[in-house]
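In what follows, chains carry the letters A, B, and so on, assigned in the order in which the sequence lines appear, proteins first and then strands, with residues in each chain numbered from 1.
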Amino acid sequence: MLRKSFENIDQRAKIPVGVEFRKEEVWGKVVKASRKDRTRYRYWAAAALIPIIALSIWYFKASTDAEPRYLLTAISSDQSNMVEEIPTSNWEQKPEKTISTATHQEEEFVEKEVWKPITPDSTETLHKNEQSKILRQTIVLEDTFATSEEKKLSPSAQAFQQALEKTKIEKKVEERMIVEKLTFEQMIQARRQFMQEKGNPTKNKRKDD
Amino acid sequence: MLEKKTIEKASKGNLKAERLIYDSISKPLFMLCLRYLKHQEDAEDVLSSALIKVFRSLHRFEYKMEGSFEAWARKITVNECLMCLRKQMRSPMMVEPEEHFQKEGEDILDKLSADELFGLILQLPEGYRTVFNLYEIEGFSHPEISEKLGISEGTSKSQLSKAKNYLKKLIIANGWNHASKII
């Protein structure tokens, strides 16, 4: 059992003669060890942070590089609104200037060697008589399109050009659907339209062509 | 006695608080190490490693009452001392005294001063000293000592009685026994 004489003997007794307690040296060892622990902890923390930072950089860089492209698709109930309404014009209403321009640029047309569905008779006529106005309607049309880029197009031509631009295939297009609230009638119309498209897909293709 | 605030600060890595703790417990812990290991260098090494352990595991310490921190630090230091003895392959049972002494009254120990007692403990053979320290000063029971040192309870008991006999011999040799005989 613990004797009274031995209670707190370590506190009561003095350091024996010949023994020296080097207090500061021991304290130095303790501090050194604790500092070592802290630096080790910092190294570990830094080492753990490196993969986290690398992953985050990789993740955010990958997301910023990609530029999303959206194709906006609008669903409309009115079938007539699917194609933009543009005031049409007759062939006869076109200005005569257009025809004369077509004849004027005949040489350029030949130089480009564009495929022309022209009979040998007509080509001969073109070469021999430049003033000749016996031109096929198709040639005139092509020339008008060529000049239309430089000059102002007629409303119908603009509409046609816009329609053509819409049909251009873009690379990697992301499709986004816009949903509109429809009334009951609109919904029936939309369904009918959808069923028509589904039932006869070639029909639409032809329309597009 | 150390305040709870100081211990809490030290557990958060406050160097000043750590120093304050060190100043208050370093000397008694050094004396404890000296009781087990005898040599100054060994005692200092063990003390520093024990204190490093104390400061590292300070966040796990729960302050219950006054003196609980000191007791906790003492426990860690005692374990460190025993580990050091084990490393040095200094088994507590290795030293056998050459002479056997007559059993005399144990009251004589109460008449001695702390310094005299400490000097006597240091003169004990290593094997006896460890068991004596653990039983008489640290207050461990024989089953606990047997577990700590890896010996049987009977061995622990016999080692203790031999240690006491050896102490009495030392007391007689120093001429301190007269007072007890009178009493």
Side-chain angles (χ1 to χ4, degrees), chain A residues 1-68 174 176, chain B residues 10 13 15 18-19 21-35 38-41 43-56 58 67 70 74 77 106-123 132-133 135-141:
Chain A
M1 296 303 284
L2 193 64
R3 289 178 146 273
K4 277 189 178 178
S5 52
F6 291 123
E7 266 181 28
N8 300 323
I9 192 170
D10 297 325
Q11 286 174 335
R12 287 189 291 122
K14 289 171 189 171
I15 294 167
V17 184
V19 178
E20 191 193 351
F21 176 38
R22 291 174 293 186
K23 200 176 174 181
E24 293 308 315
E25 279 186 29
V26 175
W27 173 244
K29 281 182 189 176
V30 174
V31 171
K32 200 178 173 184
S34 65
R35 275 181 191 165
K36 217 174 183 180
D37 283 352
R38 277 170 201 168
T39 48
R40 198 180 294 165
Y41 171 77
R42 279 172 195 161
Y43 280 127
W44 273 107
L49 274 174
I50 288 165
I52 295 166
I53 292 164
L55 272 171
S56 58
I57 288 166
W58 172 77
Y59 180 78
F60 286 112
K61 201 181 176 186
S63 62
T64 49
D65 282 351
E67 289 177 8
E174 193 177 325
R176 184 180 283 183
Chain B
L15 203 67
E18 281 183 2
R19 177 71 203 201
I21 290 170
Y22 176 77
D23 285 339
S24 68
I25 63 167
S26 62
K27 192 252 169 181
L29 290 183
F30 175 71
M31 295 296 273
L32 187 150
C33 294
L34 212 60
R35 271 198 287 118
K38 209 172 178 179
H39 299 293
Q40 184 193 322
E41 288 79 16
E44 281 176 354
D45 286 344
V46 169
L47 176 66
S48 61
S49 62
L51 283 169
I52 289 162
K53 272 193 178 178
V54 165
F55 288 129
R56 269 183 196 165
L58 209 57
E70 284 83 350
R74 279 173 70 88
T77 314
E106 291 178 356
D107 294 337
I108 193 167
L109 293 171
D110 297 331
K111 307 293 173 189
L112 298 174
S113 69
D115 290 341
E116 286 168 342
L117 276 171
F118 200 88
L120 284 174
I121 292 163
L122 290 184
Q123 287 179 54
F132 185 84
N133 278 329
Y135 187 86
E136 292 288 351
I137 302 172
E138 261 66 67
F140 287 110
S141 63

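- In this structure, the side chain of A:Arg12 does not engage the main chain of B:Ser113 through any donor-acceptor pair within 3.5 Å.
- No donor-acceptor distance shorter than 3.5 angstrom exists from the side chain of A:Gln11 to the backbone of B:Pro28, with no hydrogens or angles considered.
- Within the 4.5 angstrom heavy-atom criterion, only side-chain atoms of B:Phe30, from C-beta onward, approach chain A.
- At a 4.5 Å heavy-atom cutoff, B:Leu29 makes no contact with chain A through either its backbone or its side chain.
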*Please lay out, stage by stage, how A:Asn8 and B:Glu70 fare under the test side chain to side chain contact (heavy atoms under 4.5 Å, CB included).*
CA-CA 11 Å; A:Asn8 300 323; B:Glu70 284 83 350; over 6 Å; no

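- Of the listed residues (B:Glu18, B:Arg19, B:Arg74), the greatest number of heavy-atom pairs within a distance under 4.5 Å of chain A belongs to B:Arg19.
- The shortest non-hydrogen separation linking A:Asp10 to B:Met31 is O-CG, 3.4 Å.
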